[in-house]
Amino acid sequence: MKHKIRKIVLDAAQKGFENGVLPSSQIPEMEIEEPRISSHGDFSTNFAMVSAGIQKMPPRKIAQTMVQLIETLGKTSEETASLIEKVEIAGPGFINFFLSKEAWHPVVDRILEQDKKYGASDMGKNEKVQVEFVSANPTGPLHVGHGRGAAVGDSVGNILGFAGFDVQKEYYINDSGRQIRTLGTSVWLRLLQKSGKEIEFPDDCYKGDYIKELACEILEKEGKGFVQGDEKEAIALCAKFAAKKILKGIKEDLSSFGVTFDQWFSEQSLYDSGRVQKAIDDFTSKDLIYKEDGALWFRTQDFGDEKNRVVVRNNGLTTYFASDIAYHMEKYDRGFDKVIDVWGADHHGYIKRIDASVVAQGKKSSQFEVILVQLVNLLRGGKPFQMSTRAGEFVTLKDIVDEVGKDAARFMFLSRSYDSGLDFDLELAKQKNSNNPVYYVQYVHARITGILLKAKQENIIQSIDFNKGKNLNLLTTVEEINLIKILDTFKANVEKSAQTLHPHIIFTYLMTLASAFHGYYNKHKVITENRRQTLARLSLVLGVKKVIRNGLALLGVNAPERM
RNA sequence: GCGCCUGUAGCUCAGCUGGAUAGAGCAACGGACUUCUAAUCCGUAGGUCGCAGGUUCGAAUCCUGCCAGGCGUACCA
């Protein structure tokens with residue numbers, strides 16, 4: 001609807017220039033906005049104010065001229081005439097448009113026709129985008145923080161896909177390097193303890209109970225003789241076994257959280273294929289890497305980092321940064337126009353150096369973006385939930401999904417901007433009332449399904465799903481027009497969400513739509529004695545149902561038929 | 001010290017590519033089920049948009065400087 005209004009303004013301005021009532025044909029940046037206050041119309045533009053300088057006329061004078069031009073336009077264009085009820089000038093020079101009720105009715109038809117595609121956009125122009133998220137080390141189960149990252153990454157991927165991007169979701173497995181060796185050692189030591197050896201468990205090893213369980217499993221599988229074997233070999237075996245097992249658990253936990261990946265990418269494969277070495281050689285030949293104090297340094301400082309960073313330590317081992325460089329090179333080689341990494345906020349110090357490596361290989365800084373997800377504060381009944389990472393006790397993602405459910409958890413994670421820290425209250429997420437936003441929105445879907453089922457039972461409609469609106473001109477109450485207006489903005493919200501990479505925009509939108517629907521539901525009956533009006537209202541609520549479903553799908557939340 | 005994020009109602013937060021009287025939920029108080037699901041709705045009350053300057057016809061929104069909180073500042077991952 002907004003772009004229709006914009007077109008009318010542009011046409012009018014053009015006409016004004018041709019007629020000589022406006023001295024300039026230049027069109028400045030202007031806004032078409034939806035005023036908060038209904039007395040300011042359905043749409044409003046600041047055209048007159050921002051044109052004052054160009055036209056060398058006072059804003060209100062321009063506005064007056066424009067109103068006349070738009071009225072003239074209405075006389076020649078039937079579409080414009082049927083769209084606009086009246087145009088007013090207000091305040092310092094706002095031009096306010098009041099639309100006719102009929103102008104809104106086609107929106108319902110569009111929703112029913114487009115169904116699951118309603119709200120989709122071609123804004124991404126099929127551009128190839130990769131979203132990499134979670135990528136937790138396979139050294140332990142996923143915890144709450146990973147959950148938020150998973151929800152955000154998955155959702156951003158969905159939203160970008162819906163907005164016309166060609167999206168691939170990827171998980172990077174850190175299956176190489178020190179922490180995997182530490183994992184192996186941890187399991188090995190627990191295993192030795194199990195078999196009766198007195199060993200002090202080091203502080204820098206993983207302490208969770210899952211390590212002990214893994215040790216038991218290996219012991220059972222390999223038999224008692226295993227502890228007598230070569231230690232180095234045994235640790236390597238432990239590491240491999242544990243990492244594989246843990247990764248399997250991670251996959252399961254993510255899957256029950258509704259998150260699936262298009263690709264799981266192994267860090268080790270970058271070493272095996274020689275890509276890490278190739279990246280180092282490549283940068284060295286371009287003098288981007290130099291040797292100092294026995295280590296190899298990448299000149300990230302030349303790209304705005306605070307200091308240069310080590311890629312190969314003086315003991316000959318590569319740092320994670322080295323494989324990260326190779327990994328990001330590999331991503332672009334796969335043809336992605338844009339690469340998005342979702343990281344926990346505690347990693348923000350890494351942005352500059354990865355960005356440096358991206359720019360150093362000739363990509364634009366805008367082709368790489370990091371979504372920094374702020375930390376989660378876990379609460380229970382309003383009280384902070386202390387987690388002792390040192391003792392290896394923490395609340396896992398699985399615990400949360402088991403306790404509050406996938407939908408509630410995901411909705412909660414996506415309810416706020418990831419720029420802000422998030423309080424996640426387990427008690428609150430479990431409540432099945434208005435304290436818990438997920439039910440508020442899902443309830444709309446269930447309620448509407450109930451209405452449609454009843455209408456079908458009473459033979460008012462043949463099927464609870466149809467793709468053409470009926471008697472839409474009978475939708476005339478303020479609540480109905482208001483609902484349609486909200487439905488109309490869905491696509492704009494999807495686009496904004498895709499552009500800013502902020503899923504909570506969809507959350508906020510769904511809450512607004514749900515609130516408008518519940519209000520309507522309590523004020524008006526859908527099924528009434530008036531059959532024609534009933535059909536009109538059924539069309540409208542079916543539209544609401546579809547938009548709720550589409551929106552929830554973007555967040556990875558189910559839309560239940562019944563609750 | 002430096003970097004990133006945050007500061008809006010008692011609480012949790014939207015709004016931040018500048019617009020006309022700053023919103024929602026929770027909590028508080030008062031109402032609405034003989035009805036298509038009350039997991040809902042309606043009403044009342046509640047704000048120096050951290051502080052101070054600046055840009056602008058117009059600033060919660062942009063700029064600068066402070067103040068406060070979180071996180072980070074390794075040849076760790």
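The chains referred to below are lettered A, B, ... by the order of the sequence lines, with proteins before strands, and numbering in each begins at 1. Excluded from the calculations below are hydrogen atoms, water molecules and symmetry mates; all remaining heavy atoms, backbone and side chain alike, are included.
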Trainee: Within residues 500-526 of chain A, which residues have any heavy atom lying less than 4.0 Å from an atom of RNA chain B?
Mentor: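 RNA chain B contact set from residues 500-526 of chain A: A:H504, A:T508, A:H518, A:G519, A:Y521, A:N522, A:H524, A:K525, A:V526.
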Trainee: Looking at B:rC75, B:rG19, B:rC36, which one has an atom nearest to any side-chain atom of A:K307?
Mentor: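 Of the candidates, B:rC75 comes closest.
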Trainee: For RNA chain B, report each stem as range with range, ordered by first number, or say none. Use Watson-Crick or G-U wobble pairs under 3.5 Å, at least 3 in a row.
Mentor: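 Looking at RNA chain B, the stems formed by three or more consecutive pairs are B:1-7 with B:67-73, B:10-13 with B:23-26, B:28-32 with B:40-44, B:50-54 with B:62-66.
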Trainee: With sequence neighbours excluded, tell me which residues meet salt bridge (Lys or Arg N to Asp or Glu O under 4.0 Å) with A:K338.
Mentor: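 Listed in chain order: A:E369.
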Trainee: What residues form a side chain to side chain contact (heavy atoms under 4.5 Å, CB included) with A:T300, not counting sequence neighbours?
Mentor: A:F298, A:D305, A:N308, A:R309, A:F321, A:R353, A:A356
Trainee: Return the set of residues passing side chain to side chain donor-acceptor pair (under 3.5 Å) with A:H328 (not counting sequence neighbours), or none when no residue passes.
Mentor: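 A:H328 satisfies side chain to side chain donor-acceptor pair (under 3.5 Å) with A:D341 once adjacent residues are dropped.
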Trainee: Just to be sure I understand the rule, does A:A345 reach a base, reach only the sugar-phosphate, or reach nothing, if contact means heavy atoms closer than 4.0 Å?
Mentor: sugar-phosphate
Trainee: So, is A:R313 near the phosphate of B:rC76, with a side-chain N or O under 4.0 Å from OP1 or OP2?
Mentor: yes
Trainee: Going by the rule side chain to side chain donor-acceptor pair (under 3.5 Å), which residues pair with A:R275 if we only count those two or more places apart in sequence or in a different chain?
Mentor: A:D333
Trainee: According to side chain to side chain donor-acceptor pair (under 3.5 Å), who are the partners of A:H518, at least two apart in sequence or on a separate chain?
Mentor: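 Only A:R447 meet the side chain to side chain donor-acceptor pair (under 3.5 Å) criterion with A:H518.
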Trainee: Who passes side chain to side chain contact (heavy atoms under 4.5 Å, CB included) against A:T284, sequence neighbours left out?
Mentor: A:I280, A:I289
Trainee: Holding to side chain to side chain contact (heavy atoms under 4.5 Å, CB included), I want the full list of residues that pass it with A:S176, two or more places apart in sequence or in another chain.
Mentor: A:E267, A:Q268, A:Y271
Trainee: Quick one: list whatever passes side chain to side chain donor-acceptor pair (under 3.5 Å) with A:E34, sequence neighbours left out.
Mentor: none
Trainee: Could you list the protein-to-nucleotides 5-11 of chain B atom pairs, N/O on both sides, closer than 3.5 Å?
Mentor:
unit_1	atom_1	unit_2	atom_2	d
B:rC5	O2'	A:D419	O	2.3

Trainee: Partners of A:A150 by side chain to side chain contact (heavy atoms under 4.5 Å, CB included), sequence neighbours excluded?
Mentor: A:V134, A:L254, A:F257, A:V259
Trainee: Applying a 4.0 Å non-hydrogen cut-off, can you work out what A:D293 is touching in the nucleic acid: base, sugar-phosphate, or nothing?
Mentor: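 The answer is base, as A:D293 lies within the cut-off (heavy atoms under 4.0 Å) of a base atom.
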Trainee: With a non-hydrogen cut-off below 4.0 angstrom, is A:N96 in contact with a base, only sugar-phosphate, or nothing?
Mentor: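 Base contact - A:N96 has a heavy atom under 4.0 Å of at least one base atom.
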Trainee: What is the distance, to the nearest angstrom, from the CG atom on A:D425 to the C1' atom on B:rG25?
Mentor: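 After rounding, the reported distance stands at 14 Å.
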